[in-house]
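Each residue takes its place number in the sequence, starting with 1. Both ligands and their constituent atoms are indexed starting at 1 by order of listing. Because the structure is a prediction, the values reported are computed rather than measured. Atoms considered below: every heavy atom in the structure, side chains included; atoms not considered: hydrogens, waters and symmetry mates.
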Amino acid sequence: MANIVVVGGQWGDEGKGKVVDFLTSRFNIVVRYSGGPNAGHTVRRGEKKFALHHVPSGILTEGVLCVIGNGTVIDPASLVAELRALESQGVSIKGRLAISSRAHVILPAHVRREKELEEARGDGRLGTTMKGVGPSYESKAARTGVRMVDLLDPQTLRRALRLAVPEPEVESNAAALEEFSASLREYVTDTSRLLAEKMEDGTRVLFEGAQGSLLDVDHGTYPFVTSSSSIAGGACTGAGVSPTRIDGVLGVYKAYATRVGAGPFPSEDRGDKGEKLRARGNEYGTTTGRPRRCGWFDVVLARYSVRVNGIDSAAMTLLDVLDGFDEIPVCTAYRYKGDRIRQFPMEPWVLEAVEPEFTMMKGWRSDTKDCRSFEDLPHQAQEYIRSIEDAIECDIDMISVGPEPERSATREVSKLATWLAEEA
Ligand code: GDP
Ligand code: IMO
Ligand code: MG
């Protein structure tokens with residue numbers, strides 16, 4: 001049995017949902033371990049389009065159990081709406097979802113607080129998704145949070161709310177939460193125990209990361225980050241699973257780079273070519289609809305995320321978006337005060353000031369969307385992938401050339417193939 005973590009290697013929106021959907025048929029359980037409704041994972045199946053926020057993308061594959069782990073934060077109203085939307089699209093949820101009793105709840109007060117905090121930052125605002133995610137994690141760390149388990153007992157819920165919201169709001173919050181908990185309580189359970197028991201029996205588990213490595217609260221571009229542990233290590237704390245149970249980490253990288261919200265982005269292209277990336281890649285947020293900032297593949301950053309996650313196999317997504325370019329810049333180093341930097345800098349003032357150094361790669365100017373193997377790809381696209389593999393010191397074992405699961409190619413002799421093999 002191989003249990004793997006699928007993690008975003010850049011600033012989120014790398015196509016994790018598509019990759020997880022493609023891989024899910026080989027697994028029995030898919031677990032989300034961090035983040036909440038700030039995530040937006042889009043999965044396309046033919047004409048159908050699904051937008052997942054709390055629920056793992058594994059839900060689209062029948063027979064797969066989906067777990068929302070303790071490391072996530074849940075907005076009960078929005079989770080109930082998400083489940084209804086999935087059901088109306090023909091997805092069955094009953095008996096296929098488990099929600100950690102230890103996951104924290106996002107309250108209306110958290111959304112209000114986020115608005116105040118962002119306004120107080122003025123020009124330095126983070127550009128968050130405004131879903132109350134940060135303040136909910138803040139309450140968790142302050143030990144004043146409300147957990148999913150609290151929704152199961154009226155007195156406990158009110159006791160927890162007294163610490164979390166002003167007294168006059170306790171009863172209205174409790175009543176609203178109880179309304180949603182009526183539809184959610186059947187799913188709330190000790191998911192860490194569930195996973196331990198299932199894994200003991202040889203069940204194969206895929207951990208679906210949310211956000212990206214550079215948005216991780218510890219290892220990202222702080223303070224322009226989210227408030228949870230989005231790196232692969234977060235799978236252990238966020239699902240309550242031992243590191244000894246995890247066999248590998250698949251890093252998902254866009255063939256270029258995007259970022260939503262504020263913060264440093266050394267390889268950003270604010271010109272026409274960046275605009276062209278946005279148009280070709282349809283780079284608008286799944287959760288907020290905001291235009292994503294676009295730029296080029298950044299080797300310095302990718303090498304960093306390979307290291308902090310221990311990525312031993314990579315997937316490159318949205319390669320088809322580059323089909324329309326004569327030349328493709330790749331950021332291979334940074335320049336700072338005359339020095340060349342190859343290690344991702346830890347000082348924010350350095351990261352903000354670095355100039356990207358680009359190597360120009362030849363484009364291929366032909367359609368890749370029907371390529372189903374590495375060998376099918378145009379020669380220059382193969383070169384593009386090989387040079388990035390060399391630079392980031394990690395094999396690219398999967399290539400995605402379109403949003404649908406069939407628009408994918410995996411390398412037959414690869415770490416990923418070994419993980420997916422029946423006998424693994
Ligand atoms: P996630 O948050 O990492 O799951 O990524 P998002 O779903 O937010 O953003 C990725 C977008 O790219 C979605 O709209 C996907 O449907 C789409 N997508 C994924 N892989 C590919 C691909 O290989 N080619 C193209 N053209 N689109 C893709
Ligand atoms: P998926 O899972 C891209 C960004 C926000 C903002 C910062 C903090 O779809 O890859 P938050 O609301 O989390 O406090 O916002 O993080 N952000 C994401 N960007 N994809 C995501 O998720 C994101 N989740 C949060 O834009 O810059
Ligand atoms: Mg997304």
Side-chain angles (χ1 to χ4, degrees), residues 6-22 32-45 48-54 56-57 72-73 75 106 110-111 113-114 117-118 125-138 208-217 220-228 230 251-256 258-265 277 279-293 315-324 367-369 371 398-409:
V6 173
V7 71
Q10 294 151 320
W11 278 292
D13 303 327
E14 298 90 348
K16 299 175 293 290
K18 138 100 203 223
V19 170
V20 168
D21 181 50
F22 173 73
R32 267 281 303 275
Y33 61 83
S34 71
N38 50 350
H41 299 182
T42 310
V43 177
R44 282 268 301 276
R45 290 276 190 96
K48 278 195 180 168
K49 189 170 167 180
F50 302 89
L52 286 318
H53 299 287
H54 295 90
S57 306
T72 68
V73 287
D75 180 336
I106 300 175
H110 290 137
V111 181
R113 175 159 170 80
E114 182 160 20
L117 286 170
E118 279 286 82
R125 75 178 68 87
L126 306 178
T128 70
T129 60
M130 290 292 186
K131 301 288 180 191
V133 168
S136 178
Y137 281 115
E138 182 185 2
E208 175 176 349
Q211 286 77 53
S213 305
L214 277 299
L215 289 173
D216 182 277
V217 67
T221 49
Y222 194 90
F224 300 98
V225 293
T226 191
S227 301
S228 62
S230 44
V252 185
Y253 292 89
K254 247 177 216 189
Y256 47 100
T258 60
R259 173 164 204 169
V260 206
F265 183 176
L277 281 173
R280 287 189 55 88
N282 190 26
E283 293 293 358
Y284 295 88
T286 308
T287 299
T288 57
R290 288 179 289 177
R292 294 173 181 151
R293 297 158 65 193
M316 180 172 276
T317 57
L318 294 116
L319 185 70
D320 53 300
V321 172
L322 300 181
D323 289 354
D367 222 342
T368 54
K369 72 178 193 306
C371 297
M398 175 182 170
I399 293 130
S400 173
V401 288
E404 302 86 359
E406 59 276 14
R407 298 202 190 281
S408 315

May I ask you to say whether E404 pairs ionically with R44, meaning some side-chain N is under 4.0 Å from a carboxylate O?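 Yes, E404 and R44 are salt-bridged.
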I'd like to check which ligand 1 atoms, numbered from 1 as shown, lie under 4.0 Å from a non-hydrogen atom of [X].
{"X": "V401", "value": "23 (O), 24 (N)"}
{"X": "G402", "value": "20 (N), 21 (C), 22 (C), 23 (O), 24 (N), 25 (C)"}
{"X": "S400", "value": "20 (N), 21 (C), 22 (C), 23 (O)"}
{"X": "G17", "value": "4 (O)"}

Quick check: do [X] and [Y] have side-chain heavy atoms less than 4.5 Å from each other?
{"X": "R280", "Y": "L322", "result": "no"}
{"X": "E208", "Y": "V6", "result": "no"}
{"X": "D75", "Y": "H54", "result": "yes"}

For ligand 2, which atoms, with element, lie under 4.0 Å from some heavy atom of A210?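 The list of qualifying atoms is 2 (O).
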Find all atoms of ligand 2 within a distance of less than 4.0 Å from any non-hydrogen atom belonging to K16, and give their numbers and elements.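 Checking each atom against K16, I get 1 (P), 2 (O), 10 (O).
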Using only N, O or S atoms, tell me which atom of D13 is closest to the Mg ion (ligand 3).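 Nearest to the Mg ion (ligand 3) within D13's N, O and S set: OD1.
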For [atom], what's the nearest protein heavy-atom neighbour? Residue, atom name and distance, please.
{"atom": "atom 27 (N) of ligand 1", "result": "L318 CD2, 3.4 Å"}
{"atom": "atom 24 (N) of ligand 1", "result": "D320 OD1, 2.7 Å"}
{"atom": "atom 15 (C) of ligand 1", "result": "T42 O, 4.0 Å"}
{"atom": "atom 27 (O) of ligand 2", "result": "V260 O, 3.0 Å"}
{"atom": "atom 13 (O) of ligand 2", "result": "T226 OG1, 2.6 Å"}
{"atom": "atom 7 (C) of ligand 2", "result": "V225 O, 3.9 Å"}
{"atom": "atom 16 (O) of ligand 2", "result": "L215 CD2, 3.6 Å"}
{"atom": "atom 19 (C) of ligand 1", "result": "K18 CB, 3.8 Å"}
{"atom": "atom 6 (C) of ligand 2", "result": "G127 O, 3.3 Å"}
{"atom": "atom 20 (N) of ligand 2", "result": "D13 OD1, 3.1 Å"}
{"atom": "atom 26 (O) of ligand 2", "result": "R290 NH2, 3.0 Å"}

Counting only N and O atoms by type, is there a donor-acceptor contact under 3.5 Å from the side chain of [X] to the main-chain atoms of [Y]?
{"X": "R113", "Y": "G134", "value": "no"}
{"X": "R407", "Y": "K369", "value": "yes"}
{"X": "E118", "Y": "T128", "value": "yes"}
{"X": "T317", "Y": "E14", "value": "yes"}
{"X": "T72", "Y": "G36", "value": "no"}
{"X": "Y33", "Y": "A210", "value": "no"}

From [atom1] ([X]) to [atom2] ([Y]), nearest 0.5 Å:
{"X": "E138", "Y": "L117", "atom1": "CD", "atom2": "CG", "answer": "6.5 Å"}
{"X": "K131", "Y": "T288", "atom1": "NZ", "atom2": "OG1", "answer": "8.0 Å"}
{"X": "Q10", "Y": "S213", "atom1": "CD", "atom2": "OG", "answer": "9.0 Å"}

Can a non-hydrogen atom of [X] be found less than 4.0 Å from any atom of ligand 2?
{"X": "R259", "value": "no"}
{"X": "G8", "value": "no"}
{"X": "Q211", "value": "yes"}
{"X": "W11", "value": "yes"}
{"X": "S227", "value": "no"}
{"X": "R292", "value": "no"}

Please confirm whether G40 comes under 4.0 Å of ligand 1, counting heavy atoms of the residue only.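 So G40 counts as touching ligand 1.
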Can you tell me if G8 has a non-hydrogen atom under 4.0 Å from ligand 1?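 Contact check G8 vs ligand 1: negative.
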Short side-chain donor-acceptor distance under 3.5 Å, S57 and D21: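 Side chains of D21 and S57: no pair found under 3.5 Å.
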Under 3.5 Å, is there a donor-acceptor pair linking the side chains of K18 and S408?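 Per modelled atom types, K18 and S408 side chains form a pair under 3.5 Å.
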Name the option, out of R292, K369, H41, that contains the heavy atom nearest to atom 11 (C) of ligand 1.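 That would be R292.
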Ignoring hydrogens, just give me the one of P405, G212, P403 whose non-hydrogen atom is nearest atom 17 (C) of ligand 1.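 It is P403 whose heavy atom sits nearest to atom 17 (C) of ligand 1.
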Within the structure, does D13 bring an N/O atom to less than 3.5 angstrom of an N/O atom in ligand 1?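 Right, the criterion is met.
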Just distances here: any N/O of G15 and N/O of ligand 1 closer than 3.5 Å?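 It does: an N or O of G15 is found under 3.5 Å from an N or O of ligand 1.
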Among Q211, K254, H41, R292, which one satisfies side chain to side chain donor-acceptor pair (under 3.5 Å) with D13?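 Output: one option passes, namely R292.
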With heavy atoms under 4.0 Å as the rule, classify the contact between K16 and ligand 1 as side chain, backbone, both or neither.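 K16 to ligand 1: contacts from backbone and side chain alike.
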Exceeds 12 heavy-atom contacts within 6.0 angstrom, atom CZ of R45: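 Enclosed: over 12 neighbouring heavy atoms sit under 6.0 Å from CZ of R45.
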Is the number of heavy atoms from other residues, nucleotides or ligands under 6.0 Å of Y222 OH greater than 12?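 12 or below, so no.
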With a cut-off of 2.8 Å, does K16 place any N/O/S atom under that distance from the Mg ion (ligand 3)?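 No - counting backbone and side chain alike, K16 has no N, O or S atom under 2.8 Å.
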Has ligand 2 got any nitrogen or oxygen that is less than 3.5 angstrom from a nitrogen or oxygen of T129?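 Yes, since at least one N or O of T129 sits under 3.5 Å from an N or O of ligand 2.
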